[in-house]
Colleague: 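Here's a structure for you.
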Number of protein chains: 2
Amino acid sequence: MSRPLNRPLTLRDVSEASGVSEMTVSRVLRNRGDVSDATREKVLRAAKALGYVPNRIAGSLASQRVNLVAVIIPSMSNMVFPEVMTGINRVLEDTPLQPVVGITDYLPEKEEKVLYEMLSWRPSGIILAGVEHSDASRAMLRASGIPVVEIMDTDGTPVDAMVGISHRRAGREMGEAIVRAGYRRIGFMGTKMALDHRARKRFEGFTQALARAGIEVADQEFYSGGSALSKGRELTAAMMARSPDLDFLYYSNDLIGAGGLLWLLEQGYDIPGQIGLAGFNGVDLLHGLPRRLATMDACRDEIGRRAAEIIVARTADPVRAVERIVTLAPTIERGDTLRPL
Amino acid sequence: MSRPLNRPLTLRDVSEASGVSEMTVSRVLRNRGDVSDATREKVLRAAKALGYVPNRIAGSLASQRVNLVAVIIPSMSNMVFPEVMTGINRVLEDTPLQPVVGITDYLPEKEEKVLYEMLSWRPSGIILAGVEHSDASRAMLRASGIPVVEIMDTDGTPVDAMVGISHRRAGREMGEAIVRAGYRRIGFMGTKMALDHRARKRFEGFTQALARAGIEVADQEFYSGGSALSKGRELTAAMMARSPDLDFLYYSNDLIGAGGLLWLLEQGYDIPGQIGLAGFNGVDLLHGLPRRLATMDACRDEIGRRAAEIIVARTADPVRAVERIVTLAPTIERGDTLRPL
DNA sequence: CTGAAAGCGCTAACAC
DNA sequence: GTGTTAGCGCTTTCAG
């Protein structure tokens with residue numbers, strides 16, 4: 001029972017089946033130019049009957065237009081990125097543009113490779129996460145001659161356009177809020193940050209805010225891999241054993257924060273009196289936990305939307321000036337784990 | 001400060017810059033055929049200096065080969081699918097094939113549209129979720145003449161190949177395990193299942209297993225949208241208020257199950273003595289909860305891997321016979337919420 | 001080992 | 001409204 005590996009149909013097949021020239025068939029199928037209703041009917045019928053699917057490879061080569069937008073992100077399992085994708089999708093849905101996703105696994109070399117692959121398809125625009133890229137990547141982006149939007153982070157200089165939040169500032173503001181709420185013995189937990197620039201920047205902003213208040217991070221711990229929730233438990237248990245006098249824990253993401261929260265509640269800690277907690281991201285998931293973790297929205301959906309809008313605007317009219325740098329302002333959600341002022 | 005919307009480079013540019021014919025430049029860039037080291041050097045140097053990125057549109061048209069694999073899934077925020085993607089990626093990484101993702105939002109019309117779009121790029125293979133598709137979609141798949149692997153679910157007839165688990169059987173087995181553990185007053189909570197065929201099949205298998213034991217589902221509730229964790233709480237609270245005598249709750253996914261678990265623990269229920277719980281999927285997240293929810297692994301990663309392997313095998317050698325139907329066998333993880341036998 | 005010619009399937013641009 | 005012509009940038013094929 002082998003399937004019929006038959007030659008794919010071409011415009012010519014539809015042309016012959018309908019008795020209309022290839023050119024007119026092409027016009028009908030693309031809704032371009034005036035075609036009489038009679039011919040249109042004939043063509044559509046023939047195309048459907050044959051099951052013709054146009055060949056965009058040929059079409060794109062001929063028209064020098066490719067309605068693809070390359071979206072390059074570090075990971076799909078990080079929750080954050082699917083949400084950014086949702087924002088992008090919503091905007092592109094109303095346009096002829098189609099997103100195509102590439103994954104870098106947070107590896108600069110892989111980013112370079114993926115970018116090269118993507119560019120070889122001559123997309124209409126590129127959206128990529130982060131502002132730190134290899135020299136080769138930057139060169140490719142610049143040479144591509146297409147709109148490029150770097151997203152998530154605005155602490156840096158974009159090749160072209162940029163949409164995101166300042167993670168340094170996000171960390172700083174959370175640090176300030178914590179200090180203002182009266183906490184003094186503060187621990188930090190997060191991913192190993194060698195390649196996670198945004199986590200690093202949040203940490204930098206955070207320590208800076210503490211420093212201004214004359215406080216140092218009392219304890220810290222970094223992890224990699226594994227289920228974030230249980231990591232949060234483990235790290236928290238270990239840190240509280242080591243530094244039982246801590247009165248606040250700042251987590252680099254909500255999931256490990258949630259794990260810590262669950263553990264502390266089980267141990268009978270008084271939250272947020274005895275100890276306060278905060279995470280980062282504002283993930284939806286938190287809404288089902290026993291307490292709402294204090295966090296900061298990363299504006300994921302809006303970042304996706306704004307980035308896509310820039311691509312759309314530039315694609316429609318490459319000349320018109322559009323905002324090049326969009327800095328969104330995340331707000332602190334105090335939840336139930338950050339003492340009220 | 002407008003960017004240089006310059007003409008993209010072509011092989012010809014590299015040819016002229018290096019003084020080597022276009023044809024030989026092409027050979028060097030694709031590592032095909034024998035080229036002297038001297039020329040190879042010259043070409044590579046020129047290409048890099050110019051920042052040349054080949055045009056795959058033209059290349060694919062000429063060679064009639066496109067190294068893309070279309071992957072069509074309902075959603076990216078469902079956790080399940082990113083994990084399937086991971087499996088697919090791992091296999092394709094070692095090949096020239098590249099996955100391209102399309103999202104259907106569980107809508108048949110959208111699936112049809114996305115499929116059409118994808119096919120218009122003449123991919124080397126298609127992986128798509130589910131076995132229920134519109135007639136038009138099936139027709140397109142059949143006419144495409146390329147390997148098609150339907151994934152997740154094996155309760156149905158594939159167009160070509162199929163990799164997944166039997167959701168009907170999964171539901172049945174969980175039902176049997178619950179009955180065997182001695183539970184009798186059983187409630188069910190899940191998504192509205194009009195378009196989620198897999199959830200529906202699990203439910204069918206589940207009720208069938210209960211029926212065989214002379215039991216009917218004592219209460220049931222369906223939801224849509226919202227944060228799954230808090231939905232789980234709400235649904236559970238409502239159901240326990242309505243049917244306080246339930247001794248088991250079966251959830252159509254782990255996230256709402258986790259929400260229910262948290263709520264029940266807070267209310268002081270004795271789990272699994274007074275009331276037992278089970279979900280579906282085996283999501284990693286559960287490992288950080290106060291109790292491990294009983295669940296059933298959906299084999300997401302393996303499904304992705306096996307599907308990709310089929311595509312790879314068929315692409316390498318369209319004639320060689322490969323398994324057409326791969327039914328994986330998920331096992332029950334009893335966790336801490338299903339009474340031991 | 002290298003090059004020249006032909007054409008992949010479609011569309012831009014121009015006739016009629 | 002509809003058809004004709006000439007490529008798009010590359011690779012296949014064949015000749016040297």
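Worth saying up front: this structure is predicted, and the values here are computed from it rather than measured. Values below: every heavy atom of this structure, side chains too, minus hydrogens, waters and symmetry copies. Letters go in sequence order (proteins before strands), and every chain restarts at 1.
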Colleague: State, to the nearest 10°, the angle formed by the axis through the first five base pairs of the helix from C:dC1-D:dG16 to C:dC16-D:dG1 and the axis through its last five.
Modeller: 30°
Colleague: Does the side chain of B:N67 come within less than 4.5 Å of B:T95's, by heavy atoms?
Modeller: no
Colleague: What contact category does A:S60 fall into here, base, sugar-phosphate, or nothing, at under 4.0 angstrom with non-hydrogen atoms?
Modeller: nothing
Colleague: In whole angstrom, what separates A:R7's CZ from C:dC8's P?
Modeller: 11 Å
Colleague: Check this one for me: any side-chain N or O of A:R30 less than 4.0 Å away from OP1 or OP2 of C:dA12?
Modeller: yes
Colleague: Is it true that a side-chain atom of A:S15 and a backbone atom of A:L11 form a donor plus acceptor pair closer than 3.5 Å?
Modeller: no
Colleague: Under 4.0 Å: is that the gap between some side-chain N or O of B:S21 and OP1 or OP2 of C:dT2?
Modeller: no
Colleague: Rounded to whole angstrom units, what separation is found between the CZ atom of A:R122 and the P atom of D:dC8?
Modeller: 14 Å
Colleague: Among D:dG3, D:dC10, D:dC8, which is the nearest nucleotide to the side chain of A:R27?
Modeller: D:dG3
Colleague: Hey, which sits more toward the 5' end of DNA chain C by its nearest nucleotide, B:R40 or A:V53?
Modeller: B:R40
Colleague: Just the rounded figure in Å: distance from C1' of C:dC10 to CH2 of B:W121.
Modeller: 12 Å
Colleague: Counting any heavy atom closer than 4.0 Å, what does B:R65 reach on the DNA or RNA strands: base, sugar-phosphate only, or nothing?
Modeller: sugar-phosphate
Colleague: Identify which nucleotide among D:dT12, C:dC10, D:dG3 has an atom closest to any side-chain atom of B:S63, counting heavy atoms from C-beta outward.
Modeller: D:dT12
Colleague: Is it the case that the side chain of A:T104 and the backbone of A:K110 share a donor-acceptor pair, with hydrogens and angles ignored and the cut-off at 3.5 Å?
Modeller: no
Colleague: Go through D:dG1, C:dG9, D:dC10 for me and flag the one nearest to the A:D34 side chain.
Modeller: D:dG1
Colleague: Let me know the distance between CZ of B:R12 and P of D:dC10, rounded to the nearest Å.
Modeller: 11 Å
Colleague: Closest approach to the side chain of B:M23, judged atom by atom: which nucleotide of D:dT13, D:dC10, C:dC10 is it?
Modeller: D:dT13
Colleague: So, are A:E16 and A:R12 salt-bridged, with charged N and O less than 4.0 Å apart?
Modeller: yes
Colleague: In whole angstroms, how far is the P atom of D:dT12 from the CG atom of B:L61?
Modeller: 12 Å
Colleague: Nearest to the side chain of A:V35, which nucleotide is it out of D:dT2, D:dC10, C:dG9?
Modeller: D:dT2
Colleague: For C:dG9, take OP1 and OP2 only and decide whether either is under 4.0 Å from a side-chain N or O of A:Y52.
Modeller: no
Colleague: Could you check whether B:N55 gets within reach of a base, just the sugar-phosphate, or nothing at all, counting any heavy atom under 4.0 Å?
Modeller: sugar-phosphate
Colleague: To the nearest Å, how far apart are A:N67 CG and C:dT11 C1'?
Modeller: 14 Å
Colleague: Can a side chain N or O of B:T39 be found less than 4.0 Å away from OP1 or OP2 on C:dC1?
Modeller: no
Colleague: What is the separation between atom CG on A:L11 and atom C1' on D:dG3, rounded to the nearest whole Å?
Modeller: 14 Å
Colleague: Donor-acceptor pair, B:D105 side chain versus B:L107 backbone, under 3.5 Å?
Modeller: no
Colleague: Please report the shortest heavy-atom distance between B:N89 and B:P99, naming the atom on each side.
Modeller: OD1-CG, 3.4 Å
Colleague: Check whether any side-chain N or O of B:S26 sits under 4.0 Å from OP1 or OP2 of D:dT11, and answer yes or no.
Modeller: yes
Colleague: So which one's nearest nucleotide on DNA chain C is more toward 5', B:E22 or A:I57?
Modeller: B:E22
Colleague: Do A:R314 and A:D160 pass the side chain to side chain contact (heavy atoms under 4.5 Å, CB included) test, and can you show the C-alpha distance, the side-chain angles, and the key distance before you say yes or no?
Modeller: CA-CA 11 Å; A:R314 294 280 227 78; A:D160 179 8; 2.6 Å; yes
Colleague: Only one of A:Q98, A:R122, A:R56 clears side-chain contact (heavy atoms from CB on, under 4.5 Å) with A:V66; which?
Modeller: A:R122
Colleague: Classify the nucleic acid contact of A:R56 as base, sugar-phosphate or nothing, counting any heavy atom under 4.0 Å across all strands shown.
Modeller: nothing
Colleague: Which atoms form the tightest heavy-atom contact between B:G156 and B:M162, and what is the distance?
Modeller: O-CE, 3.3 Å
Colleague: OP1 or OP2 of D:dG9 sitting under 4.0 Å from any side-chain N/O of A:Q64?
Modeller: yes
